[in-house]
Amino acid sequence: MPIRAVVYTSEAAADIAASRLGQTGGKLCEIVDDAARFNRNAGVTGVLLFDGARFVQYMEGPDDGLLVAYSRVLGASSHCGVIELQRGRVGQRRLPFWPMRWLPVEPTELRRMAGADWTGFVQREGAGASATATGMDLLRALVEPYAAAL
């Protein structure tokens, strides 16, 4: 079954941005828990990066599940100004471990990721945080420490 992915950036709604970053049990945690329940049934996995004001989200899964999950994202009141950075087919899952999880990131990291090259979801081995790193390289570097703890 082909796996597709989408990555976008958006601005957090005022009630999300007003809550303390890293707060457990807050509005953002409720939204992500709801998404994780839905995504588990849809076969979608991914991560939501949040710097306190903006998001970058990467999601992947089968075409039908991803389409419905992304439609939910586009209709959500928790953010606005969605800018799709890339959508397309990926050879294999890059984030198979979470139906959805949010991670705090520094604003500079989020800006760099949003401005990175996401074309074809290319990942270069060993690029990490180098100047030539693609969006997938940067995402992998941010997520690996959390995934290793599984």
- request: Find out whether L103 and V143 are in side-chain contact, i.e. whether some heavy atom of one side chain is under 4.5 Å from a heavy atom of the other.
  value: yes

message: Under a plain distance cut-off of 3.5 Å, with no hydrogens placed, do Y70 and E84 share a side-chain donor-acceptor pair?
response: yes

- prompt: If only atom types and distance count, is the side chain of E109 paired as donor or acceptor with the main-chain N or O of E106 below 3.5 Å?
  reply: yes

message: Distance check, rounded to the nearest 0.5 Å: S77 atom OG versus D15 atom CG?
response: 7.0 Å

- prompt: Under a 4.0 Å N-O cut-off, is there an ion pair linking R72 with D34?
  reply: yes

- request: Report yes or no: do Y146 and V47 belong to one cluster of Ile/Leu/Val/Met/Phe/Trp/Tyr joined by side chain heavy-atom distances under 4.5 Å?
  value: yes

field: Sub-4.5 Å side-chain heavy-atom contact between V68 and F38
entry: yes

query: Nearest heavy-atom pair of L66 and G61: which atoms, and what distance?
result: CB-O, 4.3 Å

- prompt: To the nearest 0.5 Å, how far apart are OH in Y8 and CE in M59?
  reply: 7.0 Å

task: Start with the C-alpha gap between T108 and D51, add the side-chain angles, then the distance that decides, and say whether side chain to side chain contact (heavy atoms under 4.5 Å, CB included) holds.
output: CA-CA 9 Å; T108 54; D51 72 358; over 6 Å; no

message: Looking only at the side chains, is there a donor atom on one of Y58 and E60 sitting less than 3.5 Å from an acceptor on the other?
response: yes

- prompt: Looking only at side chains, do R54 and T9 share a donor and an acceptor under 3.5 Å apart?
  reply: yes

task: Hey, could you give me the CZ/CG distance between F55 and L49, rounded to the nearest 0.5 Å?
output: 10.5 Å

message: Please determine whether side chain to side chain contact (heavy atoms under 4.5 Å, CB included) holds for the pair L48 and L28, giving the CA-CA distance in whole Å, both sets of side-chain angles, and the decisive distance to 0.1 Å.
response: CA-CA 10 Å; L48 177 70; L28 183 57; 3.9 Å; yes

- prompt: Do K27 and I31 have side-chain heavy atoms sitting under 4.5 Å apart?
  reply: yes

- request: First locate atom CG of D33, then atom CZ of R101, and finally report the distance between them rounded to the nearest 0.5 Å.
  value: 11.5 Å

- request: Mind listing the closest non-hydrogen atom pair of C29 and W102 along with its distance?
  value: SG-NE1, 3.5 Å

message: Treating R94 as the side-chain partner and F121 as the backbone partner, does any N or O pair qualify as donor plus acceptor under 3.5 Å?
response: yes

- prompt: CE of M136 to CG of L139: how many Å apart, nearest 0.5 Å?
  reply: 5.0 Å

query: Is any side-chain heavy atom of T45 less than 4.5 Å from a side-chain heavy atom of P96?
result: no

message: Working note: R112 + L138, criterion side chain to side chain contact (heavy atoms under 4.5 Å, CB included); need CA distance, chi angles, decisive distance, verdict.
response: CA-CA 8 Å; R112 184 167 180 225; L138 296 171; 3.4 Å; yes

field: N39 side, atom CG; W98 side, atom CH2 - distance, nearest 0.5 Å
entry: 13.5 Å

query: Is it true that a side-chain atom of D137 and a backbone atom of T134 form a donor plus acceptor pair closer than 3.5 Å?
result: yes

field: Cluster overlap F97 with I3, hydrophobic side-chain contacts below 4.5 Å
entry: yes

message: Please identify which of these residues, V7, V73, V6, meets the side-chain contact (heavy atoms from CB on, under 4.5 Å) condition with Q57.
response: V73

